[in-house]
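Written out below as structure tokens is the structure these notes cover.
What you see is a predicted model, and the numbers here were worked out from it, not measured in a lab. Residue numbering restarts at 1 for every chain, and letters A, B, ... go by the order of the sequence lines.
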Number of protein chains: 4
Amino acid sequence: MVAGHPNTLRLAGEEDSSKRRQILDGAKKVFMDFGFDGASMGEIARAAGVSKGTLYVYFADKNRLFEAIVEEETLEQGRLAFNFDPGRDVPTTLREFGQAYIQLLCRPGGGSAIRTVMAIAERMPDVGRRYYENVLEKMIGRLASYLEARVSMKELAIGDCQFAASQFMLMCQASLFLPFIFQAAPPPSPERITQVIESATQMFLAGYRPRDE
Amino acid sequence: MVAGHPNTLRLAGEEDSSKRRQILDGAKKVFMDFGFDGASMGEIARAAGVSKGTLYVYFADKNRLFEAIVEEETLEQGRLAFNFDPGRDVPTTLREFGQAYIQLLCRPGGGSAIRTVMAIAERMPDVGRRYYENVLEKMIGRLASYLEARVSMKELAIGDCQFAASQFMLMCQASLFLPFIFQAAPPPSPERITQVIESATQMFLAGYRPRDE
Amino acid sequence: MVAGHPNTLRLAGEEDSSKRRQILDGAKKVFMDFGFDGASMGEIARAAGVSKGTLYVYFADKNRLFEAIVEEETLEQGRLAFNFDPGRDVPTTLREFGQAYIQLLCRPGGGSAIRTVMAIAERMPDVGRRYYENVLEKMIGRLASYLEARVSMKELAIGDCQFAASQFMLMCQASLFLPFIFQAAPPPSPERITQVIESATQMFLAGYRPRDE
Amino acid sequence: MVAGHPNTLRLAGEEDSSKRRQILDGAKKVFMDFGFDGASMGEIARAAGVSKGTLYVYFADKNRLFEAIVEEETLEQGRLAFNFDPGRDVPTTLREFGQAYIQLLCRPGGGSAIRTVMAIAERMPDVGRRYYENVLEKMIGRLASYLEARVSMKELAIGDCQFAASQFMLMCQASLFLPFIFQAAPPPSPERITQVIESATQMFLAGYRPRDE
DNA sequence: AATGAATGAGTGTTCATTCAT
DNA sequence: GATGAATGAACACTCATTCAT
């Protein structure tokens with residue numbers, strides 16, 4: 001009956017129709033602010049400035065709209081550029097990456113994609129998995145590649161670079177992300193973030209600096 | 001108006017009535033599996049083996065029931081004992097604590113308290129804050145106290161033990177928690193956990209071992 | 001199964017058990033304040049200081065409890081004594097009766113039996129009818145008897161005394177009862193009541209004074 | 001939040017949408033038959049021939065729907081035309097007005113607005129007050145104006161015309177309204193009404209006819 | 001394509017009533 | 001008799017979804 005929703009027909013690279021764009025923008029705001037269950041299609045329609053019916057012209061149902069939002073966020077965050085020039089020195093690279101990473105996690109304004117996706121991951125495992133793989137794992141992978149490059153330059157001594165990358169990223173979160181996501185503290189100040197990342201960098205270097213014999 | 005639900009009258013230490021216990025157990029399962037919004041009072045009643053009406057005999061409303069679940073989980077997790085004997089050596093203490101901590105986070109069986117609380121923290125900030133303070137912050141604090149003891153024994157050189165504790169705990173999660181919570185990987189094997197914690201311990205010691213001059 | 005509720009077994013004149021009395025008192029207050037639907041059995045139990053279960057020991061259900069209340073109120077108001085001594089002069093008798101009647105109707109403190117019964121009369125016609133017959137019609141009848149006595153003394157010229165009594169009573173309400181019951185005005189002052197009744201009395205006398213030929 | 005229900009947007013004079021009209025008609029019937037509490041939204045939906053959800057498209061909640069019904073009834077009854085031409089003689093005017101008034105009060109078909117509003121007036125004082133002011137008080141006022149005109153023509157001798165109007169209206173109810181509203185008697189026959197009003201008219205004239213010196 | 005009126009299944013909650021103690 | 005824990009049917013209300021226009 002439904003011959004296919006517009007979204008399923010879109011070719012890669014085709015630009016969104018303005019209505020579809022409107023909907024995605026409105027829905028993103030509402031989903032991120034209220035979570036999947038807390039967001040109502042009516043609220044989304046209002047936020048998008050379209051009628052409720054129009055939502056269903058572009059998206060088969062609420063799930064699919066949500067998935068589209070997460071997919072877009074996933075792509076966007078997956079596209080984030082970091083300077084992983086293998087020629088750059090390790091401390092600088094780690095510091096800059098750490099900054100960008102924490103800013104992604106602790107985005108002010110509350111509605112954070114990561115929380116929203118975490119929340120629903122149990123009921124929509126594919127959504128969670130894809131977000132993890134395309135954003136976080138990918139980020140880990142890119143950092144890991146950089147680290148490998150420096151390992152082969154003998155500047156670092158790391159057994160499992162993928163794992164080391166993950167370690168670094170989590171250290172960057174220390175004292176920042178959990179209080180933020182549990183609403184136990186206001187978003188951290190830039191100064192605090194800098195301190196934390198500096199410490200993570202030092203620790204990382206202390207742990208993975210090649211041992212002089 | 002209502003002079004108080006049975007739960008508000010319970011004395012400390014008084015054991016739960018069996019019905020109340022049943023409800024808490026059923027509700028915990030449903031809330032943890034489906035999240036606050038995804039859980040319906042009907043489903044909870046069914047899971048608890050009581051009628052919907054009975055739910056409201058023991059809890060004023062869905063929010064209060066949820067809060068009671070989280071409170072209980074909070075207390076239970078906050079009561080978790082770790083061996084922080086200041087006389088024990090650092091590597092052993094960190095390893096054992098790390099194991100217990102990761103087992104708490106990555107509890108098999110899906111429905112995890114931490115995810116459920118995270119998910120709702122934006123709309124129920126008090127619930128989120130209390131969980132963080134009474135479980136995670138408390139755990140950090142206890143590890144920090146231990147570290148301080150070892151610092152004064154000159155075995156560690158740490159500026160901010162609270163922060164260092166947080167760093168250690170996050171390192172323990174490396175490659176484990178995020179894939180788990182995003183449903184991107186099955187719960188990690190005990191061996192994998194041991195490896196990760198060993199690495200975190202080594203890194204921690206490398207970073208905070210006192211420098212001989 | 002139920003061999004008969006205590007109330008159905010009570011002999012006339014037997015005094016109420018204290019529990020039954022408590023229930024009637026509590027229920028009366030709650031029913032008069034909130035109406036039949038607005039009153040809950042729980043609230044009634046609380047007001048009566050007994051358990052909800054006990055309500056059902058004495059009364060088969062909410063309807064029967066309500067009927068008992070109305071019945072009691074009916075009897076009580078039906079027992080109200082007025083001085084209808086046929087020897088007393090008409091103006092005095094009318095004035096005094098009018099006062100008592102208005103005080104019955106416009107009882108301060110809100111919860112008025114008459115409103116409560118009116119409200120439910122469509123759904124419980126028997127209750128309404130019995131209240132009307134045993135209170136209002138009876139009152140009309142007693143006034144009518146008095147009037148008849150004075151008619152036979154040639155002091156009044158009335159064709160239908162029953163109807164004339166009804167006319168007098170309604171005139172006494174002029175400007176008082178409707179604003180009161182529609183919450184459009186505070187309960188009338190005693191002075192105002194006196195004026196109104198005086199006017200009703202004059203009008204009545206003007207209308208039913210025997211015509212001298 | 002919600003920018004306004006359709007009803008709030010209606011321009012004066014704009015005719016009701018057919019659905020809105022259907023709902024008002026169905027709800028009126030159910031509310032008048034069962035009272036505010038006795039009426040369920042499901043029953044109203046059925047009576048109106050719409051779905052429950054549709055009720056909430058047009059009215060924010062049950063209270064608002066009820067208020068709209070009463071408001072409409074209020075306006076309709078407030079618009080009732082009476083011939084209060086100051087040139088018409090008093091007995092005719094009173095008789096005709098009395099007829100119309102009693103027909104309003106004792107409308108056959110049971111469900112009477114006046115009873116329904118009375119019943120709820122304690123819990124919804126505004127609704128009660130507005131009904132009284134816009135229907136009954138207004139009617140009293142119009143009769144009072146007519147009486148004043150005749151007073152200045154020396155045809156009547158009345159101190160307080162507002163009060164006299166109220167007296168007349170209540171006398172017209174004698175033996176009619178209370179039995180009707182308490183379900184103690186079937187609606188009165190037209191002949192009976194005529195008699196009652198004739199008597200009220202006579203009494204009124206007897207009381208307020210100017211005294212010849 | 002876009003609308004928005006309409007739907008009805010589902011929600012949280014209340015409450016008259018029952019019954020084991 | 002008296003209790004109060006427990007029930008489940010009913011309620012007001014929400015919201016994802018449909019469909020005639």
Side-chain angles (χ1 to χ4, degrees), chain A residues 1-2 6 17-20 22-23 37-45 49-65, chain B residues 2 6 17-20 22-23 37-45 49-65, chain C residues 1-2 5-6 17-20 22-23 37-45 49-66, chain D residues 2 6 17-20 22-23 37-45 49-65:
Chain A
M1 197 108 330
V2 167
S17 74
S18 113
K19 274 273 146 56
R20 193 182 143 91
Q22 259 177 275
I23 292 172
D37 292 297
S40 85
M41 292 299 267
E43 194 64 37
I44 289 170
V50 303
S51 75
K52 261 201 291 185
T54 304
L55 261 30
Y56 289 87
V57 171
Y58 289 88
F59 300 92
D61 56 26
K62 193 186 182 185
N63 277 6
R64 300 288 247 279
L65 174 53
Chain B
V2 166
S17 73
S18 102
K19 272 278 146 55
R20 193 183 142 90
Q22 258 177 276
I23 293 172
D37 293 297
S40 86
M41 292 300 266
E43 193 62 37
I44 289 170
V50 303
S51 74
K52 254 199 302 182
T54 303
L55 261 30
Y56 289 88
V57 172
Y58 289 88
F59 300 93
D61 56 26
K62 192 186 182 185
N63 277 348
R64 299 289 248 278
L65 175 52
Chain C
M1 194 111 329
V2 167
H5 277 80
S17 72
S18 112
K19 274 273 147 55
R20 193 182 142 90
Q22 261 176 274
I23 292 172
D37 292 297
S40 85
M41 293 298 267
E43 193 65 36
I44 289 170
V50 303
S51 75
K52 263 201 290 185
T54 303
L55 261 30
Y56 289 86
V57 171
Y58 290 88
F59 300 92
D61 56 25
K62 192 185 182 185
N63 275 8
R64 300 289 249 278
L65 175 52
F66 181 71
Chain D
V2 167
S17 73
S18 102
K19 272 279 147 55
R20 194 184 142 92
Q22 258 177 276
I23 293 172
D37 292 298
S40 86
M41 292 299 267
E43 193 62 38
I44 290 171
V50 302
S51 75
K52 253 200 299 183
T54 303
L55 261 30
Y56 290 88
V57 172
Y58 290 87
F59 300 92
D61 56 26
K62 192 185 182 183
N63 277 347
R64 299 288 248 281
L65 175 53

Answer yes or no: does a side-chain N or O of B:T54 lie under 4.0 Å from OP1 or OP2 of F:dT7? yes
Winner on side-chain proximity to D:S40, out of E:dT3, E:dA6, F:dA12, is F:dA12
Taken to the nearest whole Å, CZ/B:R20 to P/F:dA6 is 12 Å
Separation of atom CZ in A:F59 from atom C1' in E:dA2, rounded to whole Å: 15 Å
Pairwise 5' ranking along DNA chain F for D:D37 and C:G49, keeping only the more 5' one: C:G49
Validation row: C:L65, C:M41 side chains within 4.5 angstrom (heavy atoms): yes
Using a 4.0 Å heavy-atom cut-off, does A:A39 contact any base of the nucleic acid, only the sugar-phosphate backbone, or nothing at all? sugar-phosphate
Please give the nucleotide sitting opposite F:dA5 as a Watson-Crick or G-U wobble pair, both distances under 3.5 Å, or none. E:dT18
For the side chain of B:Y58, counting heavy atoms from C-beta on, which of F:dA5, F:dG1, F:dT3 is nearest? F:dA5
Applying a 3.5 Å limit to both distances, which nucleotide forms a Watson-Crick or G-U wobble pair with F:dA10? E:dT13
Output the distance between atom CD1 (A:I23) and atom OH (A:Y56), rounded to the nearest 0.5 Å. 11.0 Å
Here the distance between atom P of E:dT7 and atom CD1 of D:I23, to the nearest Å, is 9 Å
Atom pair CG (D:L55) and CZ (D:F59), whose distance is rounded to the nearest 0.5 Å: 8.0 Å
Heavy-atom nearest nucleotide on DNA chain F for B:V50 versus A:G53: which residue maps closer to 5'? B:V50
Rounded to whole Å, CD of B:E43 lies from C1' of E:dG12 at a distance of 15 Å
Whole angstrom value for the distance that separates P of E:dC15 from CG of C:D61: 17 Å
Figure out the CD1/C1' separation between B:I44 and E:dG10, and round it to whole Å. 15 Å
For atom NZ of C:K19 and atom P of F:dA2, their distance in whole Å: 5 Å
At less than 4.0 Å, is any side-chain N or O atom of B:Y56 found next to OP1 or OP2 of E:dT13? Yes or no. yes
Value rounded to 0.5 Å, distance of OG1 in A:T54 from CZ in A:R20: 14.0 Å
Between D:S51 and B:N63, which has a closest nucleotide on DNA chain E that is more 5'? D:S51
If only side-chain N and O atoms of D:K52 are considered, is one of them under 4.0 Å from the OP1 or OP2 phosphate oxygen of F:dA12? no
Distance check, rounded to the nearest 0.5 Å: A:K52 atom NZ versus A:I44 atom CD1? 11.0 Å
Determine: side-chain N/O of B:K62 to OP1/OP2 of E:dT13, distance under 4.0 Å, yes or no. no
Taking CD from B:Q22 and C1' from F:dA5, how many angstroms apart are they, rounded to a whole number? 12 Å
